[in-house]
Structure formats: structure tokens, C-alpha cells
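Order of the sequence lines fixes the chain letters, A, B, ..., with proteins taken first and strands second; residue numbering starts at 1 for each chain. As the structure is a prediction and not an experimental result, all values here were calculated from the model. Note: hydrogens, waters and symmetry copies are ignored here, and every other heavy atom, side chains too, is used.
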2 protein chains.
Amino acid sequence: MRVKSRSEEVVNAIGKDIVNGVISPGERLPKVEELSEDYGVSRTVMREALQGLAARKIIRANQRSGTVVLPRDEWQLWDLSVMSWISESEQRKDKFLLDLTEVRLGLEPDAAALAAKHATEEEKARITACFERLEQTLDDPKAWAAADFDFHLSIIEATHNQLMAGLLKLLHKGLILSREKTVTSLNEHTELQQENPTTEILNRHRNLYEAVISGDADRAKAVMTDMILRVRQLIEASQQQQF
Amino acid sequence: MRVKSRSEEVVNAIGKDIVNGVISPGERLPKVEELSEDYGVSRTVMREALQGLAARKIIRANQRSGTVVLPRDEWQLWDLSVMSWISESEQRKDKFLLDLTEVRLGLEPDAAALAAKHATEEEKARITACFERLEQTLDDPKAWAAADFDFHLSIIEATHNQLMAGLLKLLHKGLILSREKTVTSLNEHTELQQENPTTEILNRHRNLYEAVISGDADRAKAVMTDMILRVRQLIEASQQQQF
DNA sequence: AATTATTTGTCCGTATGTATG
DNA sequence: CCATACATACGGACAAATAAT
């Protein structure tokens, strides 16, 4: 396992505080020397940490006038660290999951259509292998989640659009983060709502799989749209229920 | 204007070299001391620069074994700096512009629909103001481009989805970068293709504007889709022509 | 308009940690 | 398990920018 550097730790600590409103946009951070004392690291490390936050457009450093927190709409949300801080934030995580799903709804059906159009034989073979893994892990939720991730990934990477692929990869990682941090587990919830959800879900995946492999872009798009709409329903239901 | 720090300059220099294949994925960079000598900066600055590249998943630093360039599919493409390097790369920029447009096609129609559904009175007023600015700048290409950017932004921000808004903002900035670096200017090209493109384009924008203001989500989505498909046609035509 | 004070930005000598052979 | 080579971390000094006086 990869061990986090000191500056990464500090980035996470300060980043979480900012996301959770402990420090608000517009406020000024203490100067570097003070911060480095607070967090028990050298100025070098603290400077690197501040640069990490600045790269994500969360703070801006100005000579003499100090370092300030930038307004929320400037933050670079499409970053795994920022996503993890939001996923852990009680105030933010619900809206975050819905927003992610909305973006997914725009992109992933198109990605499926592109994959149906452009997948090479090699890519189709990989998609097939991923689907077969899905069939075999119906009874093991953890293995199924991993297989599901790989299945979607194999389709995403067949789009031959690196920008879209990178974005959807990040989005799915965000979804996983979001699910991990959700106490009222979505898995448990789906089990409550339906008698036999897994075979129905597998059939949806089979539809998608067949559409992509057979090169039917329109059907792939439609099936993917349905799948995500279904997920959104479950999320909305699960979030309603909390009150 | 904001002046770039030394480390930012070094990030750009090395980043461009990597994007252009001067240094390839898998290759190892010289050690920090050597690099800092090559670029005429201190080790501190070079370390900050390397961290900037590492944050974008372009390199990974390992103790003892040194710093290596990561494979392309790990790079964080959704970053303005990375986008600017690609936009300046002769080998990459054409595909990049098409890929961007494809992502736009997935997202922005949905964003328009969301805006039509959720825009507040205040946001509608801003959208109206932006549209009126469009009407008034028909004869000034530079002012029109700026007004166009703001018009799209005003719709994007009415989605009430910060993730989508941040993404589309970045995407539009990427489009601008891409256009700036394109020698065979798209503007000139459109003028060659049509007699009177500007009024037709304005009418498309009026359709979109009216749909959003009247809360007609389906129409807003359809009009936006048409607009982007039209842009894609022009891009494809312009890129074909280069040979 | 000039000076000063404060804070970030830069430099470098040194020490420590860690993975590789 | 040791030696080596590299990134990582420390801290004191100075440079540059700019808000306040």
C-alpha cells in the first residue's frame, strides 16, 4: 500500500475543514509559519500542502495579504480528493450523489452508444469477459460491485474518447466513495424494496451488454438511460426515507 | 494580470514536453537536483513543480526508484493546464476538440433542460441580459464570443448542479483554448460556408433562450442538441479540409 | 508619494526515510 | 542485512510584492 506524504495529510485535513465550513470562503488562513506549527510540519511541507489546495482552486495565496479561501463555485470538484471530502460531509453528501447521478445520466448513455459504434473485437472480448464475471458474482455483493465497476469501465473505454473515458472513470470512483460513506447503505435499501433485485439488475446488464456487442447504439443508449434512471429512483427513495 | 510563479512555469514546460512525447509514459525523469539545475530553479521550486504534475496524475514519484511518467489514460485531462498543453499540441488538438464536443453533446442539452426546470427569477433575468448582449454584438466577433460564453454560462449555472456547472465551465474554457490555438480559424471557416451565418446563429440562440425562460425543458434540450450538432459539423468540415 | 511592515516566494545546506539490488 | 540512490523533510536566510501608514 502506498503511504501518504505529510503534505497530502495536511491537504486532506485543511480541505475537509473548508468543505465542512469550519473555514468559509473569503476567510483568511493563518500565515504559513503559524500553520506549520499548528499541524506540526515544516514550512516546506505546509507550503506544498497549500499549493495542493491552490491547484484545486480552493485557496489563493497572495503576497502580503495572505491566503484566502475561494468561493465554492471556483473549486475544482472533479478531483478525487475533493470528492472524498464532500462524500464525508454530512451536509453535502446527499446532494452530491444526486448531482453525480445527473451528470452520469447525460454522459453514460452517450458513452454506451459510442462504445456500440466503435468497440474493436478486442474491446468486445473484454466487455464479454466482464459481463460473464457479473453472472458469476450474483451472490457475492462485494465481488459484484467490483465486477460492475469493471463492466462499466470496459464499455467506457471502448468509446475511443479519452476525455469522456477519464471523466466517467472519475465519476464512478466518486460514486463508490459516495456509497462507502453512506450510512444508510443503498444495498440494504434495495434489498428491502424488491424481492429479487439482483436477477432483474443482471437482466438489465445483459440487455446493455447485448446492445453494445451487437453494435446497436440506440438500444445501448436507451438501456443505459433506463439503468441510471432506476438507480436515481432508488437514491431518491433512500434519501427521502431518512426523515 | 496575475504573474505565474516559477513552479508554474516549470510545470508548463515539463507538462508540454510530456504531452508532445518528448518524454514518454514509462520513462524516468532525472533526479530533482539535476532537474532543478536544468531549469535554473531551486530544488524547492522543482519539488513543487513535480508535485503539481503528480497532482494531475502525469507523473508518480517513488523514493529510491525515481520519478516516472504515468500512462496517458491516467492523466487528469479535466484540468485547464493539461487542456492548454493538448490544445497546443499539433498531434493531439484535432481529436481533442472533437472529443470535447462529444462530451458537450452529452451534457449541455441536459443542462439546458435542468435550467428550464429550475431557473429562479433572478437567474432568468441574468439569462435575459446575456441574450440581449448577444443581439447587440452581432457585428463584433470578439465581443460576440465573450457574450456567447457568458450566455451559455448563465444557463449552465441555472442548473443548480454544481458538479455539472463546474464541468461545463471547464469544458467551455477548453473550447476557447482550442479555438485560440487552431490556425485554420473556425470563424473564418463559417464565414466561407454560409452567406449570413450570424443571424441564423442568433435565431438558434433565441430559440434556446425562449425555451429556457418559458420552462420548456424538452424544447431547450432539443434546441441545444441541434446547436451543438451544427458546431460539430463545422468542426469536422474544417478538419477535413486541411488535407 | 514614499516608507515600512507583513506575508508569500525562493534558495540552499543538511538530515531522514525508503525501496532496490 | 547492508549499501546505495533517490525522494522526502527540516529550518534559517533572503527576495519580492503589496497593504497600511
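Protein atom NZ of B:Lys31 is 5 Å distant from nucleotide atom P of D:dC6, rounded to whole Å. Atom CZ of A:Arg47 and atom P of C:dT10 are 6 Å apart (whole Å). In this structure, A:Asn62 places its CG atom 22 Å from P of C:dA5, rounding to the nearest Å. Distance CD (A:Glu48) to P (D:dA7): 13 Å, rounded to an integer number of Å. Atom CD in A:Glu33 sits about 12 Å away from atom C1' in C:dG9, given to the nearest Å. Distance B:Met46 CE to C:dG9 C1': 16 Å, rounded to the nearest Å. Atom pair B:Glu37:CD and C:dG13:P shows a separation of 12 Å (rounding to whole Å applied). If you take CZ of B:Arg60 and C1' of C:dA19, they are 15 Å apart, rounded to a whole angstrom.
A:Glu123 and A:Thr120 share a side-chain donor-acceptor pair at under 3.5 Å.
The base of C:dG13 sits within donor-acceptor range of the side chain of B:Arg43, with an N or O pair under 3.5 Å. Contact of B:Thr67 with D:dC6 (side chain to base): no donor-acceptor pair of N or O atoms is detected under 3.5 Å.
Between A:Gly40 and B:Arg28, the one whose closest nucleotide on DNA chain D sits nearer the 5' end is B:Arg28. Nearer to the 5' terminus of DNA chain C, by closest-nucleotide assignment, is the contact made by A:Gly66 (compared with the other of A:Gly66 and A:Thr44).
For residues 14-29 of chain B, every residue pair satisfying the salt bridge (Lys or Arg N to Asp or Glu O under 4.0 Å) rule, not counting sequence neighbours, is listed here: B:Lys16-B:Glu88.
The closest side-chain heavy-atom distance from A:Leu80 to A:Lys173 is below 4.5 Å.
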Atom pairs and distances, side-chain donor-acceptor, residues 100-110 of chain A, under 3.5 Å, sequence neighbours left out:
{"from": "A:Thr101", "atom 1": "OG1", "to": "A:Leu97", "atom 2": "O", "distance (Å)": "2.8"}
{"from": "A:Glu102", "atom 1": "OE2", "to": "A:Arg232", "atom 2": "NH1", "distance (Å)": "3.0"}
{"from": "A:Arg104", "atom 1": "NE", "to": "A:Glu108", "atom 2": "OE1", "distance (Å)": "2.7"}
{"from": "A:Glu108", "atom 1": "OE1", "to": "A:His172", "atom 2": "NE2", "distance (Å)": "3.0"}
{"from": "A:Glu108", "atom 1": "OE2", "to": "A:His152", "atom 2": "ND1", "distance (Å)": "2.9"}
{"from": "A:Glu108", "atom 1": "OE2", "to": "A:His172", "atom 2": "NE2", "distance (Å)": "3.0"}
{"from": "A:Asp110", "atom 1": "OD1", "to": "A:Lys221", "atom 2": "NZ", "distance (Å)": "3.0"}

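For A:His205 and A:Phe151, the ring centers sit closer than 6.0 Å to each other.
Contact between B:His160 and A:Asp99 at its shortest, heavy atoms only, is O-OD1, 4.3 Å.
Atom CH2 of residue A:Trp78 and atom CG of residue B:Leu167 lie 5.0 Å apart, to the nearest 0.5 angstrom.
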Under-3.5 Å N/O pairs linking protein and nucleotides 18-21 of chain D:
{"from": "D:dA19", "atom 1": "O4'", "to": "A:Arg64", "atom 2": "NE", "distance (Å)": "3.4"}

